[in-house]
**Q** 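Pasting a structure below so you can have a look.
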Amino acid sequence: MLLEPTSDQEFFRENTAKFLSDQVPPGEIRRLRDDPDGFDADYWRRGAELGWTSLLVDEAHGGGSLSGQGLIDLTLVAYEFGRHAAPGPLLSTNVVASALSRAGGEEHGTVLDAVLAGTSTASWCFQERLAGLTAGALEIRVEGDELVLSGEKRPVEHAAQAAHLLVTGRSGDGATQVLVPAGTPGLTIRPMHTVDLARRFSIVRLDAVRVPLDAVVGTPGQAAEQVEHQVQTALVILCAETVGTMQRAFDMTVEWAFDRYSFGRPLASYQELKHRFADMKSWLEAGHAVADAAALAVESRAPEANELVSVAKAFVGQYGGELIQDCVQIHGGIGVTFDHDLHLFLRRATLDRALMGTPAEHRQRIAADLAPQEDR
Amino acid sequence: MAADNIEDPEAFRQRARSWIRSNLELMDRSVLAAALGGGASEETELAGIRREREIQRMFFDAGFAGICMPREYGGQGLTPAHQRAFNEELAGYEFPHRLQAPNFSPCAAVILDFGTEEQKRRHIPAILKGEELWMQLLSEPGGGSDVAAAQTTAVRDGDEWVLNGSKIWTTGAWWSDWGLCLARTNWDVPKHRGLTVFIFPLHREGVDVHRIEMLNGSKEFCQEFLTDLRVPDTDRVGEVDEGWTVGVRWMFHERMLYNSPLVTLPPGARFTPGSGSPADVARDAGVLADSHVRDLIGEARVLDIAGRELQQRIAQGVRSGRISDQGAAIARLFGGVAGARTRTIEFEIAGAMGGAWTDDDGAAAGLGVDFLMRQAACIGGGTTEMARNVISERVLGMPRERSSDRDVPFREVPRGPSAGARSR
Ligand SMILES: Cc1cc2nc3c(=O)[nH]c(=O)nc-3n(C[C@H](O)[C@H](O)[C@H](O)COP(=O)(O)OP(=O)(O)OC[C@H]3O[C@@H](n4cnc5c(N)ncnc54)[C@H](O)[C@@H]3O)c2cc1C
């Protein structure tokens with residue numbers, strides 16, 4: 001999280017934090033385990049009023065940022081989502097809203113308006129099995145004045161709750177993105193299991209789904225750069241959210257270490273544990289630093305943005321998991337119970353680690369950029 | 001200083017770029033590696049130091065020395081942003097790497113914080129011109145972590161002090177000029193209240209500098225024996241018996257080390273051994289296509305960049321007061337652990353060349369020796385355990401460790417059998 005936010009940014013972050021503490025306290029998150037949608041429509045609409053959906057959208061299209069750096073502002077929301085293990089399709093709505101705005105905003109104006117208002121949500125169908133962070137194998141063909149989509153995407157965040165799906169696929173050598181309304185014939189959405197209590201994921205199958213040509217977002221076959229930007233945006237959101245989970249788990253565990261006694265002294269007085277807290281603190285601060293650096297690089301379109309998002313995702317993915325598991329360890333038995341809150345953050349961090357490339361996959365991407373295998 | 005008196009960092013960068021390109025040689029990595037790894041002869045090493053002094057003098061004459069130091073002492077009075085621009089432009093070029101730490105930070109930094117006006121006017125310009133190289137004399141044979149337990153003793157004699165004792169593990173003292181020294185001036189009060197800081201030339205009567213061979217063959221480590229060394233009272237830094245006030249800032253500057261705005265460090269330059277990146281090692285070891293190796297290359301890069309960004313965050317936070325000075329220990333801990341891990345990664349990538357190599361093995365050569373020296377990153381500059389103590393106790397506010405030296409006259413503090421090693 002930004003070390004020195006502006007007072008506007010601080011106010012904005014606090015608003016979201018208060019709203020989340022109030023609306024989705026840990027008890028409510030536990031309850032959502034049995035809710036098929038994972039979030040409440042009214043909750044989402046009120047979040048949109050706080051600015052959750054508009055930060056990456058051009059002012060001309062009804063959006064707007066606080067600081068002129070919308071993605072940085074959004075990291076404050078994502079961070080609070082992590083700190084509260086909050087429900088809702090934060091990543092997918094923002095990626096789709098940004099994509100629609102960048103494609104011009106007018107063509108899909110009514111969809112964008114509803115997403116901005118939070119009265120409906122949209123999902124991004126991007127990842128496939130074994131496709132890495134590419135447009136994947138899903139095929140998008142032009143047939144007369146129609147587009148035909150065939151393939152399978154997984155996992156797709158909150159697909160079953162979305163009114164529209166932004167589907168990324170390939171047309172020959174190029175990437176294409178298409179906005180498909182929910183309920184279009186040939187579209188099937190099958191729910192998946194997940195570690196998170198509030199997020200929902202599905203497999204989205206498209207069997208020769210036909211949509212009119214004007215459902216395209218951008219230009220057919222020429223979406224590669226836009227897709228790359230979406231990937232970067234998604235990674236920035238995931239990293240900021242993970243840092244929020246790390247911060248919360250760490251704060252809870254520091255407090256516990258002062259309150260919990262064994263052998264007549266607080267846990268916080270044992271050097272073995274103090275040193276582990278010191279290590280965790282260094283990972284936590286490095287996580288903040290690298291996630292912020294990635295956000296700034298993507299926001300400012302710096303040439304190192306691609307490397308930085310991978311570095312950030314690899315770092316917070318690996319050390320976030322280590323940190324929270326160590327928090328579980330220092331809690332002892334209560335750390336592995338459902339009634340304790342710690343697992344809410346462990347769940348969110350675990351989910352985020354697995355989405356959009358694991359630490360190992362990102363390390364491979366980094367190596368590929370650093371050392372192209374010219375001699376292979 | 002008003003912002004409009006300061007040269008725009010971009011203009012400064014342009015000026016630095018053209019000066020660097022027309023005045024400096026490209027960095028020869030093998031020379032750097034040999035210098036750091038102990039492979040150089042004494043003559044070569046002294047020639048290297050001479051060249052570094054020369055470059056420092058060129059920096060001074062061109063207006064690039066002491067970028068963040070006050071103008072009245074020969075600095076440029078500019079900002080960390082200017083220093084960063086200069087560092088970036090310097091990437092790939094030779095620079096006085098052995099003159100950075102501890103010379104500029106902590107030594108010059110401590111003189112700037114606590115020195116008398118006369119001391120600052122005498123020494124800071126000389127340091128900026130490369131005429132004086134400084135060393136820190138902190139650690140002693142009896143212990144380095146417990147810095148405030150220094151036993152080197154200074155006794156007042158009129159306008160002078162007489163110093164006796166020994167300091168150890170001082171890197172490069174044999175080619176340095178001046179030392180900043182923490183000494184005990186009172187044995188009858190608790191340890192923190194009986195210390196005083198002195199400065200003195202290292203090559204003079206009363207100072208005996210011995211070189212110590214490190215396990216990699218380098219003889220950079222030194223031990224100094226102080227025997228009836230006479231230091232004028234004008235060479236005392238800070239108040240008598242209040243050396244720990246100086247010491248606390250000193251430790252802070254030490255932990256900031258390469259992150260200090262007083263230090264010139266081009267990105268990519270390292271003060272650790274090794275002459276190439278892990279990707280270079282993989283290429284020269286012929287294992288670039290191995291997917292496990294590529295994972296390791298990625299991991300090293302992640303640690304490198306995360307460490308860099310962490311350093312910047314801590315430095316920024318310390319400057320603005322959002323993070324306490326003690327927070328510098330966070331970056332020190334991360335740097336040590338990440339450095340040690342990176343040495344392991346490079347060694348692992350080198351494969352069999354890590355155990356046996358020839359000079360033709362490029363970046364993969366000699367990494368086994370670097371691996372042997374791996375823990376230096378976690379010991380020098382204060383150990384990572386001490387950094388963990390500082391973070392948990394001073395940053396997170398956890399209970400202090402029990403100690404047997406609080407509120408006890410230093411004379412009565414228990415000392416182990418290894419502590420008295422004061423004679424040769
Ligand atoms: C490359 C290098 C360069 C150096 N350069 C300089 C220099 O220029 N000037 C200088 O003065 N010194 C220098 N040193 C010395 C360095 O600062 C000391 O080695 C270091 O502070 C540790 O002190 P020590 O060696 O006496 O170990 P000790 O203090 O005896 O410590 C031994 C071990 O016990 C651990 N330990 C000690 N106390 C505690 C505690 N309270 N809690 C937990 N663990 C503890 C330590 O972490 C360490 O692992 C350098 C060292 C190296 C490796």
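Numbered from 1 within each chain, the chains take letters A, B, ... in sequence-line order. Fair warning: this is a prediction, and the values are worked out from it, not measured in the lab.
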**Q** More than 12 heavy atoms of other residues, nucleotides or ligands under 6.0 Å from CD of A/E255: yes or no?
**A**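 It does not: A/E255 CD has 12 such atoms or fewer within range.
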**Q** Does A/Q364 have any side-chain contact (heavy atoms from CB on, under 4.5 Å) partners at least two apart in sequence or in another chain, and if so, which?
**A**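 If we apply the side-chain contact (heavy atoms from CB on, under 4.5 Å) test to A/Q364, skipping adjacent residues, the hits are B/S291, B/R294, B/D295.
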**Q** Quick one: which residues of residues 296-306 of chain B reach chain A at under 4.5 angstrom, heavy atoms only?
**A**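 Listed by number, the contacting residues are B/I297, B/G298, B/E299, B/R301, B/V302, B/L303, B/I305, B/A306.
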**Q** Working to the nearest 0.5 Å, report the span between OG of B/S392 and CZ of A/R276.
**A**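 Result: 13.0 Å between the selected atoms.
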**Q** What are the residues of residues 322-330 of chain B, in order of number, with any heavy atom under 4.5 angstrom from a heavy atom of chain A?
**A**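 Under the 4.5 Å heavy-atom cut-off, B/R322, B/I323, B/I330 qualify.
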**Q** In Å and rounded to the nearest 0.5 Å, what is the CD to CG distance from A/E285 to B/L333?
**A**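 With rounding to 0.5 Å, CD (A/E285) is 12.0 Å from CG (B/L333).
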**Q** Which heavy-atom pair separates A/A286 from B/F334 by the least distance, and what is that distance?
**A**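 Closest heavy-atom pair between A/A286 and B/F334: CB-CE1, 3.7 Å.
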**Q** Using a cut-off of under 4.5 Å for heavy-atom pairs, which of B/R313, B/E309, B/R308 has the most such pairs with chain A?
**A**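 Most pairs with chain A among the choices: B/R313.
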**Q** Give the member of A/L3, A/V290, A/L308, A/D369 that has the highest number of heavy-atom pairs under 4.5 Å with chain B.
**A**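 Among A/L3, A/V290, A/L308, A/D369, the one with the most close pairs to chain B is A/L3.
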**Q** Above 12 or not: heavy atoms from other molecules or residues under 6.0 Å from CZ of B/R406?
**A**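 Above 12, so yes.
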**Q** Please classify the contact between B/R402 and chain A as side chain, backbone, both or neither, with a heavy-atom cut-off of under 4.5 Å.
**A**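 Neither the backbone nor the side chain of B/R402 comes within 4.5 Å of chain A.
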**Q** Checking B/L396 against chain A: side chain, backbone, both or neither under 4.5 Å from a heavy atom?
**A**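 For B/L396, heavy atoms of backbone and side chain both lie under 4.5 Å from chain A.
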**Q** Which atoms of A/F315 come close to chain B, meaning under 4.5 Å heavy atom to heavy atom: side chain ones, backbone ones, both, or neither?
**A**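 Both parts, backbone and side chain.
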**Q** Most heavy-atom pairs under 4.5 angstrom with chain B, which of A/A293, A/A314, A/A257, A/A367?
**A**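 Top count of heavy-atom pairs under 4.5 Å with chain B: A/A367.
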**Q** State, with a plain yes or no, whether a side-chain heavy atom of A/H275 is found less than 4.5 Å away from one of B/I391.
**A**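 No, too far: nothing below the 4.5 Å cut-off.
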**Q** Counting distance only, does the side-chain N/O of A/K274 pair as donor-acceptor with the main-chain N or O of B/P399 below 3.5 Å?
**A**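 Side chain of A/K274 to backbone of B/P399, a donor-acceptor pair under 3.5 Å: yes, one is there.
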**Q** B/V395 versus chain A, heavy atoms under 4.5 Å apart: side chain, backbone, both or neither?
**A**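 It is the side chain, since no backbone atom gets that close.
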**Q** Among pairs that include at least one residue of residues 374-388 of chain B, which meet salt bridge (charged side-chain N to carboxylate O under 4.0 Å, His left out), considering only residues two or more places apart or in two chains?
**A**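 The answer is A/D279-B/R388.
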**Q** Could you tell me whether the side chain of B/M398 reaches within less than 4.5 Å of the side chain of A/S269, counting heavy atoms only?
**A**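 They are not in contact (no side-chain heavy atoms under 4.5 Å apart), so the answer is no.
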**Q** With a 4.5 angstrom heavy-atom cut-off, which part of A/E307 approaches chain B: side chain, backbone, both or neither?
**A**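 Contact with chain B: side chain only.
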